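Residues: numbered from 1 along the sequence shown. All values derive from a computational prediction rather than experimental measurement. In listed order, ligands and their atoms are each counted from 1.
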Amino acid sequence: MFYSSTRNNDTKVASADAIIKGLAPDRGLYTPVSIPVLTATEIDVIKSGSYKDAAKLIFAKYLTDFSEKQIAVCVDSAYGDSFEEVAPLYQLNDQASVLELWHGPTCAFKDVALQVLPYLMTTAIDITGEKNDIAIIVATSGDTGKAALEGFKDVAGTKIIVMYPSEGVSAVQKQQMVTQEGDNVSVIAINGNFDDAQTAAKNIFTDDVLNATLLAKGIKLSSANSINWGRLLPQIVYYVKSSIDLGGADYVVPTGNFGNILAAYFAKMMGAPVKKLVCASNQNNVLTEFIKTGVYDRRREFFKTLSPSMDILISSNLERLIYELSGHDGLLVEKLMRDLEEMEAYTVPEDIKAKIDELFYAACADDAETEDAIKRCYDEFGYLIDTHTAVAYDAYKKYIKDCVTEKVVIVSTASPYKFPIGVGDALGMDVDKSEYKILTDLEALTKVKIPAPLVGLEHKKVLHEIACNKEEILQTITELL
Ligand SMILES: *Cc1c(COP(=O)(O)O)cnc(C)c1O
């Protein structure tokens with residue numbers, strides 16, 4: 001299996017290279033040259049096997065330069081003690097189930113990929129004989145940062161620097177990051193939003209002068225954002241496994257950077273019974289409009305919402321979808337991404353729009369609808385969901401009004417305790433107090449236990465206090481390295 005850049009089909013690398021590099025030199029995203037299809041026997045094996053077995057089978061199809069033993073070590077190490085269960089399904093009724101992806105160490109779905117990525121990265125370093133240290137630069141809207149820090153802390157041969165928007169994350173998310181322990185970790189607060197942080201990260205990866213300077217010091221840069229194929233691949237597994245277990249379903253995915261829902265697309269193309277893909281957005285509904293019209297237009301107000309991990313206007317992984325739907329037309333992708341940079345908008349050709357119509361449904365929820373969804377779900381099922389999952393729940397309700405469906409999976413991306421203000425407010429609690437007090441109030445009200453990683457978080461020692469403006473990011477990171 002080889003990976004080509006979405007902006008140039010001639011750039012082809014093996015998976016170990018794609019994972020170490022993160023982003024292609026032309027700023028494109030590494031994407032498999034073809035999608036491997038599961039045989040009927042493999043589908044049976046996945047149905048009767050464990051989550052880890054499914055992960056090993058699926059990884060082997062994409063990481064053909066890794067040995068079977070190397071893949072087994074990566075999967076067994078990542079999905080051992082750090083998860084009670086990786087992706088359990090909770091059935092709401094005959095039609096709807098919730099795929100709970102937040103049973104990892106940081107209580108958000110990013111753990112599923114970021115617990116395994118460091119193992120994939122260190123194995124890739126072994127395979128390629130890479131001699132330099134790898135410095136992982138991460139832009140986060142809140143959850144990736146902590147999950148990446150947990151995954152990479154004290155991993156030999158790596159350093160990790162996380163940038164988060166100082167006013168764009170919840171108090172719990174911030175405290176999780178600034179209290180991170182580990183000898184190879186740094187955390188920077190950016191005066192800006194997620195898009196500023198993500199753009200700065202992409203600029204850093206493609207800054208030739210900086211990269212040459214770092215290389216002279218024995219440091220190579222890489223990414224743990226979902227632009228890295230090593231982030232996408234682990235997410236394909238839970239779509240393949242759950243859809244086979246259920247015998248087919250539509251999936252509603254709360255979406256920001258388009259990574260999670262893209263993994264569902266890959267699962268579908270592999271032959272798993274993933275049916276319609278419902279893209280759920282918050283008030284930053286650039287994707288809802290794109291899926292409905294074929295026009296991607298980021299010239300709009302940026303809203304800070306109750307679902308901050310989806311407060312994104314530049315959804316990077318959409319580039320991979322367009323590459324796929326255009327039959328790997330690197331020139332077209334290059335042109336559209338240039339339009340996005342220069343005019344802040346682009347329009348996809350008719351044939352791609354037609355394919356999007358077949359594959360996707362889109363809906364969005366503002367904060368009032370989000371809170372209403374939390375309340376309705378709790379009242380009807382006694383089931384507590386977080387604000388991001390609530391955006392998906394609202395989209396599910398809109399979807400079943402519009403379309404006929406048998407089974408639907410609502411993808412749940414965070415524990416409700418990660419976003420206590422929105423959840424507490426939705427249930428009519430007094431939320432004019434510290435987030436930590438709301439946590440215990442919520443537990444008392446709902447009898448749902450606070451996940452262990454969030455207990456006592458407020459008493460942890462703050463270890464990271466660096467802050468900078470978006471213009472100073474490059475300099476700050478250079479100094480840290
Ligand atoms: C990151 C995140 C999302 C969005 O996922 P994408 O892959 O960026 O689309 C949704 N919900 C939560 C809780 C997240 O952390």
Inset, instruction - Check ligand 1 against A414 and write out every atom of the ligand that is under 4.0 Å from a heavy-atom position of the residue. - result: 13 (C)
Inset, instruction - Side-chain contact test, heavy atoms from C-beta onward, threshold under 4.5 Å: evaluate it for V286 versus Y296 and give yes or no. - result: yes
Legend entry - Per-atom contacts of ligand 1 with G259, taking only distances under 4.0 Å to non-hydrogen atoms: 6 (P), 7 (O), 9 (O)
Legend entry - Min heavy-atom dist P254 to ligand 1 below 4.0 Å: yes
Legend entry - Heavy-atom neighbours of D402 CG exceed 12 at 6.0 Å: yes
Legend entry - From I236 atom CD1 to L262 atom CG, the distance as rounded to the nearest 0.5 Å: 8.0 Å
Inset, instruction - Determine whether any heavy atom of W102 lies closer than 4.0 Å to an atom of ligand 1. - result: no
Legend entry - Close N or O approach (N257, ligand 1; < 3.5 Å): yes
Inset, instruction - Compute the shortest N/O to N/O distance between F109 and ligand 1 and return yes if it is under 3.5 Å, no if not. - result: no
Legend entry - Geometric N/O contact I312 with ligand 1, under 3.5 angstrom: no
Legend entry - D111 side chain to W102 backbone, donor-acceptor under 3.5 Å: no
Legend entry - Under 3.5 Å: N/O of D143 near N/O of ligand 1: yes
Legend entry - atom 7 (O) of ligand 1: nearest protein contact (heavy atom, Å): N260 N, 2.9 Å
Inset, instruction - Provide, to 0.1 Å, the distance between atom 14 (C) of ligand 1 and the closest protein heavy atom, together with that atom's residue and name. - result: K110 NZ, 2.8 Å
Inset, instruction - Check whether the ring centres of Y323 and H328 lie less than 6.0 Å apart, and answer yes or no. - result: yes
Inset, instruction - Return a yes/no value for S141: is any of its N or O atoms, backbone included, closer than 3.5 angstrom to an N or O of ligand 1? - result: no
Inset, instruction - Using distance alone, determine whether T413 and ligand 1 share an N or O pair under 3.5 Å. - result: yes
Legend entry - Check: T389 main-chain N/O paired with S412 side-chain donor or acceptor under 3.5 Å: no
Inset, instruction - Pick out which of Y90, Y378, Y393 makes a ring-ring contact (aromatic ring centres under 6.0 Å, His included) with Y383. - result: Y90
Legend entry - Euclidean distance, M310 CE relative to D143 CG, rounded to 0.5 Å: 11.0 Å
Legend entry - Geometric N/O contact G256 with ligand 1, under 3.5 angstrom: yes
Legend entry - Shortest non-hydrogen separation from V391 to S281 and the atoms involved: CG1-O, 3.2 Å
Legend entry - ligand 1 atoms in contact with T255 (distance to a heavy atom under 4.0 Å): 9 (O)
